[in-house]
Amino acid sequence: MNGGINKMSVKSCEKIEKSQVVLTIEVGAPEFEAAIEKAYQKMRKKINVPGFRPGKAPRKIIEGMYGAEVFFEEAINIAFPEAYEAAVKEQELQVVGYPSVEIEGQVTRDGFTFKATAPVYPEVTLGQYKGLSAPKEEVKVSAADVDERLKALTDRNTRLVSVDREAKEGDTVVIDFEGFLEGKPFEGGKGENFSLELGSHTFVPGFEEQLVGVKAGDEKDLDITFPEDYHKDLAGKAVVFKVKVHEVKEKEIPALDDEFAKDVSEFDTLKDLKADLKKKIAAEREETVKRAFEDALMEQVAENITADVPDAMVEAQSRQFLDNFKMQLAQQGLQYDQYMKATGMDEAQLLADAKEPALKQVRMDLAMAAIIKEENIDATDEEVEAEFQRMADQYGMDLETVKKYLQAEQVKDQLKSQKAIAVVVDSATAVKAEKKPAKKTAKKAEDAEGEEAAEEKPAKKTTRKKADEDGEEKKPAKKAAAKKTTKKAAKKADEAEAENITVSTLEVNNEYRRLSQLQDTPEAAIRRVLSPDTLAAALVAQKVQRFLLDNADITTVMDPEKE
């Protein structure tokens, strides 16, 4: 620290609640004089002194005009950081946040004394972390599960073909439409070349029903009365939509046979394709069950520790959750500011809501670090290199490219965490998971066979239709579905839940896998940083924002009551 302010005196170091310390630090005359000189050099160009060009007035002249204290405030700002950092180093403190600072007594040329209250890494005492037990689901795959996956494949390979006949339910009509209230067009009631699947219940009640029977070239006026709980400008109002039909399309669904299997996979027979799908579903569910078992155990470990967690660590984790949320939006090309404005949400409230899960995550991190220390866990250079190679092979990337974007220390920390989890899991006992009545009710419409793992069940019908039907014929319906979520789901999480506007477990699991590939990070590590609830909220937000960005001109036509 040559030429710097390298002398200070720590008068006291006191531990207080919430894992904080209060440092009383004295900056002496020589150190403060050096800081005053630096302050003069920094500020002199901004001080006007008659008879001197800007920046040329001697320090004594300026002090004579404005008082000896003219540079004190800036000098304190200069002296404080080095004095504080030196004190932290001297006391061997592991600071985890910014300090609050209070000047004690008078500031004179002889120096000053200040108190810095700083949060530090807490002392952690492990509770029980071996010999725990947790529920573990039994993995089963039924014929219905395989059929559902096959349906997703057929949906993706279904084409829309033009037909010269009257439209029926299930067909897609390509239309222009414009809504009129009392003979005048209303905002948001117009669309052109819009593909609408009849029977999808995308538009307000009565709209799609009146288009059954139309043909290409038809023009028709639709008499519609908006629901009483619609937007206030249109609620309960009778309007007329003028519709022009450009085209009628029907679905051309491929036959489920050996030829289909050859077209969509590397298998020659449908039987082999089904066997492979069953194997993949089982593997996916095994991994999901494994993760859930690990998470349940680690939650117990986190609950069992004794630690006085400083608020700064919780606040930092809350901020990290928010940053993760912003990242989710950005990865989809969505703007965080637009989302907040459109939903009327407040960032301060988001951070407040994140505090409870943030505290859980901090305790989890503290528990993990404590196990690593207790068990003397480490990762060798050879293990780190092998993990780099595994990731390169998994993602089809060059080894050096992986190393360019991922630091060796990060990989080492991941390996150590994996070993710590293994210590807990290897000594644990799995108990049979009890079925929860609430989940049965939520799933019975799509899982009558009752043989899915809990993580998959909610996703069976609605998820597959929305997540996998990404073929050409499904794009318009997907857009419309996104529009509806804006109106109610974006207001509050509980309102979204009440309206059944949610994302499925399968969608969340798929997003975890996508993030794992995108960040070259083990999926389990992402799950410990980003909770399922937070990720689900981000996915809902993406649907909301996608509507705002892509289809704003037809907002008011959408039925807010449908999924």
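Only a predicted model underlies this, so the values are computations on that prediction, with no experimental measurement involved.
Only one option out of Lys419, Lys412, Lys416 pairs with Glu383 in a side chain to side chain donor-acceptor pair (under 3.5 Å); it is Lys419.
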Problem set entry | Criterion salt bridge (Lys or Arg N to Asp or Glu O under 4.0 Å) on Lys237 and Glu228, from CA distance to verdict | CA-CA 8 Å; Lys237 299 291 181 63; Glu228 292 293 339; over 6 Å; no
For this session: Given side-chain contact (heavy atoms from CB on, under 4.5 Å), test Val411 with Met391 step by step and report yes or no.
Result: CA-CA 10 Å; Val411 175; Met391 287 187 287; 3.9 Å; yes
For this session: Under the ring-ring contact (aromatic ring centres under 6.0 Å, His included) rule, what do Phe241 and Phe203 come out as? Steps first, then yes or no, please.
Result: CA-CA 12 Å; Phe241 280 100; Phe203 280 19; 7.7 Å; no
For this session: Quick one: do Glu137 and Lys290 satisfy side-chain contact (heavy atoms from CB on, under 4.5 Å)? Show the steps, please.
Result: CA-CA 9 Å; Glu137 295 280 352; Lys290 176 186 173 184; over 6 Å; no
Exercise. Going through the distances and angles, do Glu385 and Lys403 end up as a side-chain contact (heavy atoms from CB on, under 4.5 Å)?
Worked result: CA-CA 10 Å; Glu385 186 68 19; Lys403 289 183 176 181; 2.9 Å; yes
Problem set entry | Steps toward salt bridge (Lys or Arg N to Asp or Glu O under 4.0 Å) verdict (Glu387, Arg390) | CA-CA 5 Å; Glu387 181 65 10; Arg390 186 194 66 79; 2.8 Å; yes
For this session: Assess whether side-chain contact (heavy atoms from CB on, under 4.5 Å) is satisfied between His246 and Asp176, documenting all intermediate values.
Result: CA-CA 8 Å; His246 293 298; Asp176 294 342; 2.7 Å; yes
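Looking only at atom types and distance, the side chain of Ser142 has a donor-acceptor partner in the side chain of Asp145 under 3.5 Å away.
Summarising the geometry of Pro357 relative to Phe321, their closest heavy-atom pair is C-CE1, 3.6 Å, with the distance given to 0.1 Å. Closest of all the heavy-atom pairs between Leu198 and Val173 is CD2-CG2, 3.9 Å. When all heavy atoms of Val423 and Ser427 are compared, the pair lying nearest together is O-OG, 3.3 Å. Of all non-hydrogen atoms in Val174 and Ser195, the two that sit nearest each other are CG2-OG, 3.7 Å. In terms of heavy-atom proximity, Pro185 sits nearest to Glu178 at CB-OE2, 3.4 Å. Met368 approaches Ser417 most closely through the heavy-atom pair SD-O, 3.7 Å.
The shortest side-chain heavy-atom distance between Thr202 and Leu196 falls under the 4.5 Å cut-off. The side-chain heavy atoms of Phe194 and Phe177, taken from C-beta on, include a pair separated by under 4.5 Å. Looking at heavy atoms from C-beta onward, Val141 lies in side-chain contact with Arg285 at the 4.5 angstrom threshold. Within the 4.5 Å cutoff, the side chain of Pro254 has heavy atoms near those of the Thr158 side chain. Counting heavy atoms from C-beta outward, Asp365 and Gln317 have side chains that approach closer than 4.5 Å. Leu181 places a side-chain heavy atom less than 4.5 Å from the side chain of Leu234. Here the side chains of Lys136 and Val289 are in contact, with some heavy-atom distance below 4.5 Å.
Residues passing the side chain to side chain contact (heavy atoms under 4.5 Å, CB included) test with Glu347, sequence neighbours excluded: Arg319, Leu322, Lys326, Tyr336, Met340, Leu351. Not counting sequence neighbours, the partners of Asp346 by the side chain to side chain contact (heavy atoms under 4.5 Å, CB included) test are Ala348, Gln349. With sequence neighbours left out, Ala392 forms a side chain to side chain contact (heavy atoms under 4.5 Å, CB included) with Gln389, Leu399, Val402. With sequence neighbours left out, Lys279 forms a side chain to side chain contact (heavy atoms under 4.5 Å, CB included) with no residue at all.
A salt bridge links Glu259 and Lys262; the closest N-O separation between the charged side-chain nitrogens and carboxylate oxygens is under 4.0 Å. Glu250 has no carboxylate O lying under 4.0 Å from a charged side-chain N of Arg159, or vice versa, which leaves the two without a salt bridge. The pair Arg291-Glu287 meets the salt-bridge criterion, since a charged nitrogen lies less than 4.0 angstrom from a carboxylate oxygen.
Note: Glu148 CD to Leu277 CG = 12.0 Å, rounded to the nearest 0.5 Å. Rounded to the nearest 0.5 Å, atoms CG (Leu329) and CG (Asp337) are 10.5 Å apart. Of the inter-residue distances, the one linking Ile281 atom CD1 with Glu286 atom CD reads 13.0 Å to the nearest 0.5 angstrom. Summarising the geometry, atom CG belonging to Asp171 is positioned 11.5 Å from atom CG belonging to Leu211; distances are rounded to the nearest 0.5 Å. Rounding to the nearest 0.5 angstrom, the gap separating the CD atom in Glu197 from the OG1 atom in Thr172 is 5.0 Å. Rounding to the nearest 0.5 angstrom, the gap separating the CG atom in Asp353 from the OG atom in Ser318 is 10.0 Å.
Around the CD atom of Glu169, the shell of radius 6.0 Å holds no more than 12 heavy atoms that belong to other residues, nucleotides or ligands. More than 12 heavy atoms of other residues, nucleotides or ligands shown are found within 6.0 angstrom of CG on Asp398.
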Side chains of residues 266-276: which donor-acceptor partners sit under 3.5 Å, not counting sequence neighbours?
{"unit_1": "Thr269", "atom_1": "OG1", "unit_2": "Asp272", "atom_2": "N", "d": "3.1"}
{"unit_1": "Thr269", "atom_1": "OG1", "unit_2": "Asp272", "atom_2": "OD2", "d": "3.1"}
{"unit_1": "Asp276", "atom_1": "OD2", "unit_2": "Lys280", "atom_2": "NZ", "d": "3.1"}

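The main-chain N or O of Ala296 is never found under 3.5 Å from a side-chain atom of Glu299 such that the two would form a donor-acceptor pair. Side chain of Ser265 to main chain of Ala261: a donor-acceptor pair is present (N/O by atom type, distance under 3.5 Å, no hydrogens or angles).
Pairs of residues two or more places apart, or lying in two chains, that qualify as salt bridge (Lys or Arg N to Asp or Glu O under 4.0 Å) and include a residue from residues 208-225 are Asp221-Lys242.
The ring of Phe207 has its center no closer than 6.0 angstrom to the ring center of Phe226.
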